[in-house]
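Order of appearance sets the numbers: ligands from 1, and atoms from 1 within every ligand.
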Amino acid sequence: MMFSRSSSRFFQCARANSSRNPLQRQQCNTHIGQWRDRVSVSDLKPAPRLASVSSNWKELHAESLRDPEQFFGSLALERLKWQEKFQVVRNVDMNKGHLEWFLGGKLNVSENCVDRHANSHPDRPALVWEKDEPGDTEIVTYQQLLEMVCKIANVLKEFNVHRGDVVAIYMPVSPMAVATMLACARIGAVHSVIFAGFGADSIRSRITDAGAKVVVTADQGVRAGKTINLKQTVDRAVDGLSLIETVLVMQRTKADVPMKHGRDVFLDEAMLNALPWCMPEVMNSEDPLFILYTSGSTGPPKGLLHTQAGYLLYAGLTHQYVFDCSPGDMYACVADIGWITGHSYVVYGPLSNGVSTVLYEPGVPTYPDPGRYWEMVERLRIKQFYTAPTAIRMLMTSSDTYVTKYNRSTLRTLGSVGEPINAKAWQWYHDLPGEQRCAVVDTWWQTETGGISLTPRPAGDTFLKPGMPMRSFFGVEPVLVDPESGQPLEGNNVNGHLCLSQVPPGMARTIYGSHQKYQDTYWNVHPGLYFSGDEARRDSDGHYEMMGRVDDVMNPKGHRLESAEVEDALVNVPAVVEAGVVGYPHPQFGEGIYAFVVVKEQTSESDESVIQDMRQVVRQRVGGFAAPDRTLIVKALPKVRSGKIMRRVLRKIAADISGEVGDTSTCADSSVIDPIIELHEKKFPKSK
Ligand code: WT7
């Protein structure tokens with residue numbers, strides 16, 4: 001498919017290919033003929049023999065870049081179950097950001113993740129649900145998962161969900177949520193998971209943008225001993241939205257929730273009458289699998305669209321070789337399914353590899369105490385463990401005995417993701433939980449890349465550098481670009497925009513509804529390269545270290561958030577005139593959220609009560625994690641003449657480096673800056 005018009009072509013094709021009309025089908029496949037003579041699948045040599053710590057890593061990596069068609073084509077044939085083999089390995093144009101893999105191939109992702117293992121190992125745990133209270137664990141075997149997926153698939157069909165339709169999922173981390181994702185994949189529907197910590201406005205805008213017709217939610221979520229009213233939030237989000245035909249409600253706590261007649265249905269009840277078998281829909285490699293919204297540097301959150309085969313292959317490949325996972329291993333990634341980490345490394349990667357994957361409900365690492373992770377590691381005999389630096393920094397402040405009193409001898413690999421991991425946190429993770437014998441893998445990637453792109457693994461040596469992802473994975477070629485000249489930087493000891501000159505098969509194919517935005521954001525900044533939005537450094541050995549975002553994307557507690565999302569919510573507070581929001585260095589959260597706010601003159605309440613109102617509004621509209629950690633009420637904000645807030649200046653003030661505000665000649669009225677610095681220093685003295 002070409003994306004010359006809009007990404008909705010994806011959906012037309014998804015529908016057309018399910019059609020019985022061969023003409024319609026042909027239209028969507030015509031481009032295959034163009035490429036058919038390039039590579040013949042029968043010419044592919046057997047896949048390379050890989051190992052997680054492999055001495056010929058360098059050669060294999062070079063091979064993956066020199067001949068990606070042979071490298072990934074052979075792996076795709078070997079690792080995935082195809083209903084029809086692909087004819088063309090890839091059609092990639094890095095100048096246009098046009099990516100297609102495994103053209104002509106037909107497969108079903110849920111069949112790959114569930115049926116294959118249900119057939120060979122029906123009683124192996126697929127999902128290990130670590131519920132909020134320690135020791136309250138529920139196991140779902142591959143056979144049971146297959147039944148759940150089929151039943152939910154049949155329920156979705158009953159409620160009018162067809163191939164190509166979008167289903168919004170706003171659910172707690174639970175087997176039902178995972179099975180719902182897989183049920184969508186089974187019938188060719190496209191899921192859009194919305195993190196169950198987002199507020200009503202964020203849900204509504206995501207539902208509207210994707211045109212979802214069904215929402216699957218729960219009565220309540222349970223996190224760290226507290227219940228969260230999910231259904232209530234969904235009710236507010238979809239109020240008056242004619243788009244939503246059905247709201248399916250899983251009963252997590254069996255709380256009494258209002259059910260709207262004709263729209264709301266209890267999922268568990270609907271499943272009682274559903275058949276336990278559903279034929280997997282035959283999907284094209286490039287049909288959409290899911291949309292996942294993420295914050296971008298400008299405008300509302302973007303719906304990154306991922307497709308079937310390339311995504312699944314890359315999620316499985318990275319999961320196996322970065323974490324050193326074998327079928328049947330007990331593996332835990334404690335991320336929420338609402339983020340890409342949950343998609344690729346709680347659900348699709350581990351399940352495609354036949355691993356037992358832990359679903360961690362409490363969210364936080366400190367419930368009921370800071371020993372929770374390691375108690376769970378001992379009890380479930382976890383081999384690979386994947387978390388975020390913010391959790392590690394939180395745990396570091398507690399006594400070592402929370403770690404040492406539990407047996408961690410099963411652990412082999414410890415992963416980190418989401419933000420730079422400082423050397424001190426890396427060392428603690430390596431020395432204490434990892435007993436100095438586990439590999440710590442700092443993995444850099446993004447919602448956009450779909451899977452891990454920079455990581456120390458697999459590599460032939462066990463040499464690791466604290467706090468650095470070091471190298472690129474198979475099929476990925478990093479390039480650092482000078483932001484001023486736009487030229488690639490040669491040699492070592494250089495900093496620049498992190499770009500990729502070769503991208504993995506798991507890359508997002510478009511921004512749903514706006515292919516132009518996708519091209520402009522990622523492909524037109526440095527032509528011929530994918531631009532990540534991050535800055536990186538290549539050290540004297542040629543290893544990569546991440547330096548943070550170069551745009552207005554913040555990263556509080558490893559959650560991606562854009563300044564404007566918080567600013568837009570803040571101006572809904574009646575007393576607020578305008579707001580400028582930036583990140584600032586925070587010892588625990590990595591980045592804290594700092595709001596500089598101008599309030600109406602007649603505002604009579606005390607500063608503190610207005611600030612509390614602001615936090616409340618942001619919580620409700622965007623989500624709890626977006627509430628500002630620091631708020632400063634100021635007289636005016638620094639702006640350029642066109643009216644744009646100079647966040648660059650605010651960022652320096654917030655970071656206590658106001659001496660470095662730099663050139664303010666473009667500021668319409670630079671006299672507003674000094675009073676802000678004064679107020680900031682008074683309210684947040686450096687020593688605190
Ligand atoms: C942004 C992507 C991909 C999983 C979770 C976040 C930052 C991610 C690292 C790392 C330094 C990192 C980047 C990136 N990031 N991993 N290991 N070291 N920074 O996905 O929400 O799409 O955010 O997270 O800034 O661009 P995401």
Side-chain angles (χ1 to χ4, degrees), residues 193-195 197-198 290-297 301-304 306 311 314-315 318-319 322 333-349 386-393 414-423 425-426 429 440-457 464-473 476 478 497-500 504 506-508 511 521-522 525 530-537 543-562 565 583 589-591 623 625-626:
V193 181
I194 303 166
F195 170 56
F198 274 120
F290 65 84
I291 302 172
L292 186 59
Y293 284 83
T294 191
S295 303
S297 52
K302 303 166 174 54
L304 271 315
H306 284 277
Y311 170 78
Y314 196 68
T318 44
H319 174 258
V322 172
C333 165
V334 290
D336 195 284
I337 50 155
W339 312 111
I340 191 71
T341 311
H343 284 59
S344 302
Y345 299 111
V346 175
V347 182
Y348 289 112
Y386 198 21
T387 189
T390 185
I392 298 166
R393 286 192 300 266
L414 296 172
S416 167
V417 64
E419 51 180 314
I421 174 167
N422 48 310
W426 189 99
Y429 200 28
V440 170
V441 284
D442 175 14
T443 60
W444 175 89
W445 58 295
Q446 312 176 289
T447 307
E448 290 84 346
T449 65
I452 293 167
S453 303
L454 300 185
T455 165
R457 284 276 189 84
L464 295 164
K465 285 187 183 171
M468 288 174 74
M470 297 175 72
R471 315 174 174 91
S472 61
F473 193 75
V476 179
H497 283 177
L498 174 66
C499 295
L500 306 177
M507 273 312 272
I511 290 174
T521 312
Y522 305 115
V525 181
Y530 165 79
F531 172 48
S532 68
D534 278 324
E535 184 188 336
R537 169 176 172 71
H543 293 137
Y544 290 89
E545 179 181 14
M546 302 310 302
M547 312 303 289
R549 300 283 308 190
V550 295
D551 51 18
D552 286 328
V553 172
M554 302 180 287
N555 204 341
K557 304 180 191 164
H559 297 332
R560 187 162 153 183
L561 188 68
E562 204 239 320
E565 287 176 81
F589 306 157
E591 207 164 15
F625 64 92

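Closest to atom 22 (O) of ligand 1 among all protein heavy atoms lies T447 OG1, 2.5 Å. Looking at atom 11 (C) of ligand 1, its nearest protein heavy atom turns out to be P420 N, 3.1 Å. In this structure, atom 7 (C) of ligand 1 lies nearest to the protein heavy atom G418 O, 3.3 Å. The closest protein non-hydrogen atom to atom 10 (C) of ligand 1 is E419 O, 3.5 Å. If you check which protein heavy atom lies closest to atom 13 (C) of ligand 1, you get D534 OD2, 3.0 Å.
In summary, the atoms of ligand 1 found under 4.0 Å from a heavy atom of W445, numbered by their order in the structure, are 2 (C), 3 (C), 4 (C), 8 (C), 14 (C), 16 (N). Using a 4.0 Å cut-off to heavy atoms of I340, the atoms of ligand 1 that qualify are 3 (C), 4 (C), 20 (O). In summary, the atoms of ligand 1 found under 4.0 Å from a heavy atom of M546, numbered by their order in the structure, are 11 (C), 18 (N). Each of the following atoms of ligand 1 lies closer than 4.0 Å to a heavy atom of D442: 10 (C), 17 (N).
The line from NE2 of H319 to SG of C333 is 8.5 Å long, rounded to the nearest 0.5 Å.
Side-chain contact annotation: T443 with Y386, donor-acceptor N/O pair under 3.5 Å present.
Polar contact check, T341 against ligand 1: no nitrogen or oxygen pair lies under 3.5 Å apart. Not a single N or O atom of S532, backbone or side chain, sits closer than 3.5 Å to an N or O atom of ligand 1. The distance criterion of under 3.5 Å between nitrogen or oxygen atoms is not met by S416 with respect to ligand 1. On a distance-only criterion, T443 and ligand 1 share at least one N/O pair closer than 3.5 Å.
Without hydrogens or angle criteria, S453 side chain to G451 main chain gives a donor-acceptor distance under 3.5 Å. Of the possible polar contacts, none joining the D442 side chain to the P420 backbone as a donor-acceptor pair under 3.5 Å is found. The backbone N or O of I340 lies less than 3.5 Å from no partner atom in the side chain of T447, so there is not a single donor-acceptor pair.
Here N555 has side-chain heavy atoms under 4.0 Å from ligand 1, and that is the only part of it that gets that close. Contacts between Q446 and ligand 1, counted as non-hydrogen atom pairs separated by less than 4.0 Å, involve both the backbone and the side chain.
Looking at heavy atoms from C-beta onward, E419 lies in side-chain contact with R393 at the 4.5 angstrom threshold. Between F473 and P504 the shortest side-chain heavy-atom distance does not fall below 4.5 Å. Between W426 and L464, some side-chain heavy-atom pair lies under the 4.5 Å cut-off.
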Applying side chain to side chain contact (heavy atoms under 4.5 Å, CB included), run through Y345 and W445 and close with a yes or a no. CA-CA 12 Å; Y345 299 111; W445 58 295; 3.3 Å; yes

Before giving the answer on side chain to side chain contact (heavy atoms under 4.5 Å, CB included), spell out for Q446 and D534 the whole-Å C-alpha distance, their side-chain angles and the decisive distance to 0.1 Å. CA-CA 10 Å; Q446 312 176 289; D534 278 324; 4.0 Å; yes

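Between atom 21 (O) of ligand 1 and the options E448, R560, R549, the minimum heavy-atom separation is to R560.
Ligand 1 lies out of reach of G533, whose nearest heavy atom is not under 4.0 Å from it. Heavy atoms of W339 come nearer than 4.0 angstrom to ligand 1 in no pair at all.
Of all the heavy atoms in G342 and A335, the pair that sits closest is N-CB, 4.1 Å.
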